[in-house]
*Asks:* 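Right, I'll just put the structure down here and ask away after.
Quick note: numbers below take in every heavy atom, side chains included, and nothing from hydrogens, waters or symmetry partners. Below, read A as the first sequence line, B as the second, and so on, with proteins coming before strands; counting in each chain starts at 1.
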There are 2 protein chains.
Amino acid sequence: MDTKEKISYSDKKFEDESRCPMTDFINIVSGKWAIPTLYRLIITDDIIRFGALQRGIGGITQKELTKQLRTFESLGIVSRQEYPEMPPRVEYRITELGKTLKPTLDSLAHWMTEHRDELLANSRNNAS
Amino acid sequence: MDTKEKISYSDKKFEDESRCPMTDFINIVSGKWAIPTLYRLIITDDIIRFGALQRGIGGITQKELTKQLRTFESLGIVSRQEYPEMPPRVEYRITELGKTLKPTLDSLAHWMTEHRDELLANSRNNAS
DNA sequence: CTGAATCCTTAAGGATACTG
DNA sequence: CAGTATCCTTAAGGATTCAG
């Protein structure tokens, strides 16, 4: 560790002065698996174990799921309950704060379902 | 150029069998600037020139904006009108298809505005 | 003014092996 | 079972230069 540490891009994440809600949002929910993970937790709306969550999302690696969960946990969007048993059991659950995102994500899923075919057709026609 | 080209990950983008609307969505609207760009076009709801758009978004590079616009154009979400003048003028505009995303993005912006402080506070308390 | 092209650095994410 | 740790490859994105 250095006394004067390098300031990386990610340290600026979600700090004070961005003031654009969309930019703020992207700084919280970004990457290939953030929304799928969050939506799975919201849809479940109950405790769910790590393994079940991973299978439920489908295709996400353990490393990636762990990272996403840590992020959401620190934001208070997801809660984590660890049971010191053997084998270990860890239960995750969407929080009340996290649930407030449901209407928005529902809207997003609905839009995608509604327009998927049209987008795909456009995409094909304009393929390079 | 090789005759047999390597199949990269991105070639699988938005192809047939994903069937998860959230995954589909991420494949279309991903990265740091996609949503801010799209939202700016939606809010503008009129023709807007490349330079004005870039300034309106704030912080996006020319290269990045061009890339995003090409993507949205190929999906039929944004239209592009080029005037072969000197100096050149290019006007972009959200399409009807693109406008259908407005309620969803409004919801997203609203959620972020509403919960920004709480998220930031949580984030600070749980900082490593 | 609107890009295209190039170079470069960092971030994202997959694969695998290992551990309590 | 639920992670950590490590290695590795590709993607994302910024900075800069150049051109019509």
*Asks:* Less than 4.0 angstrom from a charged side-chain N to a carboxylate O is my criterion; do E82(B) and R80(B) meet it?
*Replies:*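 Yes, E82(B) and R80(B) are salt-bridged.
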*Asks:* Taking the nucleotide of DNA chain D with the closest heavy atom to each, which residue, R49(A) or E64(B), is nearer the 5' end?
*Replies:* R49(A)
*Asks:* Could you tell me whether the phosphate oxygens of dG3(C), OP1 or OP2, come under 4.0 Å of any side-chain nitrogen or oxygen in T66(B)?
*Replies:*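 For T66(B), the contact criterion (side-chain N or O under 4.0 Å from OP1 or OP2 of dG3(C)) is not met.
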*Asks:* Would you mind reading off the distance between L65(B) atom CG and dA15(D) atom P, rounded to a whole angstrom?
*Replies:* 15 Å
*Asks:* Should K32(B) be listed as having a side-chain N or O under 4.0 Å from OP1 or OP2 of dG14(D)?
*Replies:*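 For K32(B), the contact criterion (side-chain N or O under 4.0 Å from OP1 or OP2 of dG14(D)) is met.
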*Asks:* Of the nucleotides dA12(C), dG14(C), dG3(D), which has the atom closest to the K67(A) side chain?
*Replies:*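 The nucleotide sitting nearest to the side chain is dA12(C).
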*Asks:* What orientation do Y92(A) and F50(A) show, parallel under 30°, tilted 30 to 60°, or perpendicular over 60°?
*Replies:* tilted
*Asks:* Does W33(B) place a side-chain N or O at less than 4.0 Å from the phosphate oxygens OP1/OP2 of dA12(D)?
*Replies:* no
*Asks:* Between Q62(A) (CD) and dA17(C) (P), how many Å, whole number?
*Replies:* 15 Å
*Asks:* Within this structure, what is the NE2-CG distance for the pair H115(A) and D117(A), rounded to the nearest 0.5 Å?
*Replies:* 11.0 Å
*Asks:* Which nucleotide, dC1(C), dA5(C), dA15(C), lies nearest any side-chain atom of T61(A)?
*Replies:*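 Of dC1(C), dA5(C), dA15(C), dA15(C) is nearest to the side chain of T61(A).
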*Asks:* Figure out the CG/C1' separation between L53(B) and dG3(C), and round it to whole Å.
*Replies:* 14 Å
*Asks:* What is the distance, to the nearest angstrom, from the NZ atom on K63(A) to the C1' atom on dA11(C)?
*Replies:* 11 Å
*Asks:* How about I28(A) and M112(B): do any of their side-chain heavy atoms sit closer than 4.5 Å?
*Replies:* yes
*Asks:* Over how many whole Å does the gap from N27(B) atom CG to dG13(C) atom P extend?
*Replies:* 12 Å
*Asks:* Taking all atoms of both residues into account, what is the closest heavy-atom pair of N126(A) and E73(B), and its distance?
*Replies:* ND2-O, 3.7 Å
*Asks:* Taking atom P of dG14(C) as reference, at what distance in whole Å does atom CD of Q54(A) sit?
*Replies:* 11 Å
*Asks:* Can you list the steps and then say if E114(B) with R116(B) is a salt bridge (charged side-chain N to carboxylate O under 4.0 Å, His left out)?
*Replies:* CA-CA 6 Å; E114(B) 206 77 355; R116(B) 187 176 185 283; over 6 Å; no
*Asks:* Between residues 79-92 of chain A and DNA chain C, which residues have a heavy-atom gap below 4.0 Å?
*Replies:* M86(A), P88(A)
*Asks:* Expressed in angstrom and rounded to an integer, what is the separation of R70(A) atom CZ from dA12(C) atom P?
*Replies:*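 Roughly 17 Å, once rounded to whole Å.
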*Asks:* What integer distance in Å separates I60(A):CD1 from dA12(C):P?
*Replies:*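 Between P of dA12(C) and CD1 of I60(A): 14 Å.
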*Asks:* Please lay out, stage by stage, how Q62(A) and T66(A) fare under the test side-chain hydrogen bond (donor to acceptor under 3.5 Å, both in side chains).
*Replies:* CA-CA 6 Å; Q62(A) 173 274 321; T66(A) 300; 2.9 Å; yes
